[in-house]
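To start, the structure under review is shown below, and the notes come after it.
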Amino acid sequence: MRVLLVEDEADIADALLRFLRSQGHAVDHAPNLSEAQAALDVAEFDAILLDLALPDGSGLTLLRDQRRKGNRVPVILATARNQISERIAGLDAGADDYVAKPYDLGEIEARLRAHGRRASGDPSTEFRLGELRIDRAGARLFRDDVEIRLTSREWALFEALLSSRGRVLSKSALEDRLYAFGDQIEGNAVEVYVSRLRGKLGAGAIQTRRGLGYLIP
Ligand code: CA
């Protein structure tokens, strides 16, 4: 998933960035409202993890602004523990969910995945694709109960295609899902990952639409 992390405390942001990237997400970090706004102006995200107290204002301002513009991206607020009123204000402003600070990394990852599934229109955590069984909550994949191991980038690509099943995703849309701003992108990275996935899942698992992109039928 492409995630925008809006968090001003550098240590916390670093730990989150490291963790979320290790899980295969493409994460952009904004330490304040204006950088978050700039990122939202030029890229589409699958989720925003939004701190409330930021140096140039409240995260709620950004949230209300995005909702006013019709942006329906899932927003998870970071609220102080025991601050019920903060949570209510956030949910009323259009947030989808909240996590209490200090962050629990595993909880954040689980909530991101849950919102990603919901946004793709299918909140179920397990389903079948031909002879493959996919455990989306655990990010695991099986054929005949034998696990097929994917790297985090391979999984991110697979999950992006799966979330848009039946629709063609262009190479640049897939790059957006795989890479954050400033990441070094090899020109043929998407082709390489698609080819590796086909090697693991079977040649027919991912189809190419020449000149348009890729899809899981
Ligand atoms: Ca803060």
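As the structure lists them, so they are numbered: ligands from 1, and atoms in each ligand from 1.
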Basic-acidic side-chain contact under 4.0 Å: [X], [Y]:
X: Asp51; Y: Lys101; value: yes
X: Arg111; Y: Asp97; value: yes
X: Asp65; Y: Lys69; value: yes

Can you list, by chain and residue number, the protein N, O or S atoms under 3.0 Å from the Ca ion (ligand 1)?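 Sorted hits: Asp8 OD1, Asp51 OD2, Ala53 O.
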May I ask you to check whether Arg21 and Gln23 show a side-chain donor-acceptor distance below 3.5 Å?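 Note: Arg21 and Gln23 side chains miss the donor-acceptor criterion.
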Does the side chain of Ser164 pick up a donor-acceptor pair with the side chain of Arg177 at under 3.5 Å?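 Absent: no donor and acceptor within the cut-off.
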Could I get the full list of ring-ring contact (aromatic ring centres under 6.0 Å, His included) partners for Tyr214, not counting sequence neighbours?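 ring-ring contact (aromatic ring centres under 6.0 Å, His included) check on Tyr214 returns nothing, list empty.
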